[in-house]
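Beneath this line is the structure, given in structure tokens, with notes to follow.
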Amino acid sequence: KMTDELAKKFAKLLRGGEIVLLNGDLGAGKTTFVKSVLKYLGVKDIVTSPTFTIMKKYYGNKFEIYHCSMLCIIVSNNVHFIKRNNTSSI
């Protein structure tokens with residue numbers, strides 16, 4: 001419930017064009033928070049972790065949202081998978 005309340009307040013601050021990084025261990029609640037934020041941004045799709053797909057695109061009421069897994073680094077058109085930390089970006 002606290003996560004949902006925080007997500008609602010946070011979603012009201014977003015105008016489009018922001019880059020938001022969430023850092024936490026596996027199971028810390030990053031995707032749970034993102035699900036709530038996207039709900040308040042008007043996303044109707046089922047939101048899942050992008051860990052295995054690297055990036056997912058969602059459509060909110062006012063702008064598009066890219067939910068990315070930062071477990072990979074793109075360098076010179078090559079994708080290198082690393083396990084340095086577990087960060088999500090919305």
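Just so you know, these numbers come straight off a predicted model, no measurement behind them.
Using a 4.5 Å heavy-atom threshold, the side chains of Phe10 and Lys8 count as separate. The closest side-chain heavy-atom distance from Leu14 to Phe63 is below 4.5 Å. Two residues are said to be in side-chain contact when any heavy atoms from C-beta on lie closer than 4.5 Å; Phe33 and Leu6 meet this criterion.
Of the inter-residue distances, the one linking Ser49 atom OG with Lys35 atom NZ reads 9.0 Å to the nearest 0.5 angstrom. Distance check: Leu13 CG to Glu18 CD gives 8.5 Å after rounding to the nearest 0.5 Å. Remark: Asp45 CG to Ile65 CD1 distance equals 10.0 Å, nearest 0.5 Å. Atom NE2 of His67 sits about 7.5 Å away from atom CG of Leu22, to the nearest 0.5 Å. Leu38 CG to Lys44 NZ: the interatomic distance, rounded to the nearest 0.5 Å, is 11.5 Å. One finds the CG atom of Leu21 at 8.5 Å from the CG atom of Asn23 (value rounded to the nearest 0.5 Å).
Nearest heavy atom pair, residue Ala7 against residue Tyr40, reads C-CD1, 4.2 Å. Across Cys68 and Met55, no two heavy atoms sit closer than the pair SG-CG, 3.6 Å. Residues Ala11 and Leu41 approach most closely at O-CD2, 3.7 Å, considering heavy atoms. Nearest heavy atoms, Lys39 versus Asp4: NZ-OD1, 3.0 Å.
Judged by distance alone, with hydrogens and angles left aside, the side-chain atoms of Lys30 form a donor-acceptor pair with the main-chain N or O of Gly24 at under 3.5 Å.
A single hydrophobic cluster is seen to contain both Val20 and Val47, as judged by linkage of ILVMFWY side chains at heavy-atom distances under 4.5 Å, directly or through other members.
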